[in-house]
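Throughout, protein chains are lettered first and strands after them, A, B, ... in sequence-line order, and every chain is numbered starting at 1. This one's a predicted model, so the numbers in the text were calculated from it and none came from an experiment.
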Protein chains: 2
Amino acid sequence: MITIYDIAKLTGFSPTTVSKVFNDYADVSPKTRRKILEAAEQLGYLPNAHARSLTTKRSWTIGVLFNEPSGAGILHPYFAGVIEGFKKVSTSRGYDLMFISKDIGGKKSSYLEHCKIRGVDGVVVILPDFTDPYFLELLESSIPCVLLDQESVTKSTVCSDNMAGSIMAVEHLYSLGHRLIAHIGGGNTFAGKKRLQGYLHAMEELRLSVNPEHVVQGSYDYTVESGRLAMEELLQASERPTAVFAAGDNLAVGAMMAVKSHGLSVPGDISIIGFDDIEMVKFLTPSLTTIRQDTYALGNKAADMLIYTIEGGDEVQSDMIPVQLVIRESCRSL
Amino acid sequence: MITIYDIAKLTGFSPTTVSKVFNDYADVSPKTRRKILEAAEQLGYLPNAHARSLTTKRSWTIGVLFNEPSGAGILHPYFAGVIEGFKKVSTSRGYDLMFISKDIGGKKSSYLEHCKIRGVDGVVVILPDFTDPYFLELLESSIPCVLLDQESVTKSTVCSDNMAGSIMAVEHLYSLGHRLIAHIGGGNTFAGKKRLQGYLHAMEELRLSVNPEHVVQGSYDYTVESGRLAMEELLQASERPTAVFAAGDNLAVGAMMAVKSHGLSVPGDISIIGFDDIEMVKFLTPSLTTIRQDTYALGNKAADMLIYTIEGGDEVQSDMIPVQLVIRESCRSL
DNA sequence: GTGAAAGCGCTAACAC
DNA sequence: GTGTTAGCGCTTTCAC
């Protein structure tokens, strides 16, 4: 391995000066800088990130925390989109991404411990289950964090405008003439609660009464199966809704399947609107009307915030990304 | 930060002995070990991975290389499934995963340089485009690698049994009475070529002639749009195929869209079979008959191989994971 | 502008 | 069983 000492030896300068060149110090003469750079090139020098981190206490690494137990984690398009956007800006700012789990060295540990051992500079958290004690521990630590779809006063947060999206969804159904509008909720998650809240708010604004039987919770993992189950429940209601607003596209897909399995039609008998706009839904029959989240923008913004904190900013930030109604075929006009 | 020196001071032992305890050396008395462990616990000691790596030249980190230019990268369910499986076993073996890009420190560099700077112990490569010069450079290096869907004599490889899967697909169509079977290819990728090969092989075995107009290439990125385009082309053929074997589910979905847009029915007029079994396709109308790849097993196996190499094994391994025909509604019997 | 010296936290000979 | 010593590759005072 080529080190700065090799370059020092070759050029006759000291390791200190070589180091200064690679750290863009101003007090190196242009001539010296050039010679050192040439020697580095010639020797094929590459810096050693571990050695650098050991002295500087900066790893230029960002930990990525996401849902593992459900396994849905990375497989969900929401996660993938956010990470893609996050990676884009963090990479361009010089940071690499590392997955953080509760395992380390094959042994169980906490997220916080894992982060400290690896010396990550910050963490992006994409974890629907905010009751996890290990997550709480991380929140209380002093490690820079940005949270997606969470609320916090100590850490920065980013989320979609869930309220506005839900209101759009309900208003869209209303404008089509629907009055009996049901809701399949996203469980006990931040997004799920906001969307429920948006639904309730919109119903009230429109002076529509909410039949308690018309609000059922899907599980926090937003799976198709969970949507199917929820729809089965809705179908048992004394009064059948004419439209359903599902808090996630997977839930909506499950709901569509349930409706069809009862020999009913979407949108003939029941209109369905989702939330997310994951890629698949535009190919369904009928294609799904939904509220599009800009996952890429969510990731971008999260990275901006986290790096701001890592690099010394101490203001706790929080931002909401606009969402958009995408009209397709799954909702009909009455 | 608590170091082994703090523990040494507190317990009266030397840093060496403390270090030995954490590295499970046998020559430490049980009593000493216990005292040191207690002190560590009490002080809240956590090891410093950078310092450790600096001396041992082992980072317990595995680099993940995947397709970035297309952006399809992590968003494709294939990638997500493989990584999920890969992460599972590597984590349990003590390794963490880090994304490797061509950017580092905000500057352009090569994958190989990135790996060396970060000191990763090995790399898993999930890159359809094997003509990338930076990928070639990595292949020629001595860094432990495992490649997915690639061929190599110097590095270990894992892939699905693409040939067998393609043969299954064609035979399935044949058994349903189809004789005019077209193919939408996966472009100039390893998997794409194997699947084309399997198609050709099966056609020959079944003594079916292949109309050259019935073989069209989708792009290497396996997108829906690419499948749509390819199907449009097939629809121009002098003789219309009764069935199409698409080299990927996205391609198949695109093909279905094209068929429908011409007022034709799947499977009424044209039967379609895909490859992958990504989650969405079972919810399509008609649901897609396809060849299922076990992406999780692919990832598991890749991790096993890579860790084998990292930990000193010098045999170049290669393995093929079985695939499976999943019959749904998109192929009809003639 | 340049360099000497110390130290980041840890492990690995080797001696005792 | 335990400790001494040196060193991994780099950065950072601080002196020149």
What's the angle between the local helix axes at either end of the helix from C:dG1-D:dC16 to C:dC16-D:dG1, using five pairs per end and rounding to 10 degrees? 30°

I'd like the 5' and 3' limits of the part of DNA chain D contacted by chain B, with heavy-atom contacts below 4.0 Å. D:dG1 to D:dG9

Please tell me if A:T32 has a side-chain N or O lying less than 4.0 Å from either OP1 or OP2 of C:dT2. yes

Would you call A:R93 and A:E311 a salt bridge, using N to O less than 4.0 angstrom? yes

Quickly work out the B:I4 CD1 to C:dA12 P distance and round it to whole Å. 11 Å

Roughly, in whole Å, what's the span from NZ in A:K9 to C1' in C:dG3? 16 Å

Within residues 34-55 of chain B, the residues having a heavy atom closer than 4.0 Å to DNA chain D are B:L54, B:T55

Take B:Y222 and B:Y78 through the test ring pair (Phe, Tyr, Trp, His ring centres under 6.0 Å) and record every step on the way to the result. CA-CA 11 Å; B:Y222 291 83; B:Y78 171 81; 8.7 Å; no

Among all residues two or more places apart in sequence or in another chain, which pass the side chain to side chain donor-acceptor pair (under 3.5 Å) test with A:E137? A:S110

Remember a base hit wins even if backbone is also touched, and classify B:G12 as base, sugar-phosphate or nothing at under 4.0 Å, heavy atoms. sugar-phosphate

Can you check whether B:L148 reaches B:L127 side chain to side chain, under 4.5 Å on heavy atoms? no

Regarding A:D294 and A:K301, does a basic nitrogen lie under 4.0 Å from an acidic carboxylate oxygen? no

I want to check something: taking the side chain as every heavy atom from C-beta on, are A:T189 and A:D149 in contact at a cut-off of under 4.5 Å? no

Any carboxylate oxygen within less than 4.0 angstrom of a Lys/Arg side-chain nitrogen, looking at A:E38 and A:R34? yes

Between A:K57 and A:D121, is there a salt bridge with N-O shorter than 4.0 Å? no

Give me the residues of residues 13-27 of chain B where at least one heavy atom lies under 4.0 Å from an atom of DNA chain D, by number, or none. B:F13, B:S14, B:T16, B:T17, B:K20, B:D27

If you define the side chain from C-beta out and look only at heavy atoms, does anything of A:V82 sit under 4.5 Å from A:Y296? no

Got a sec, which pairs hit salt bridge (charged side-chain N to carboxylate O under 4.0 Å, His left out) with one end in residues 10-20 of chain A, sequence neighbours left out? A:K20-A:D27

For A:Y5 and C:dG3, give me the distance from atom OH to atom C1', rounded to whole Å. 11 Å

Do the rings of A:Y95 and A:W60 sit parallel, tilted or perpendicular, given the 30° and 60° boundaries? tilted

Side chains of A:V21 and A:L37 in contact at under 4.5 Å (non-hydrogen atoms): yes

Is the A:Y111 ring parallel, tilted or perpendicular to the A:Y134 ring (thresholds 30°, 60°)? perpendicular

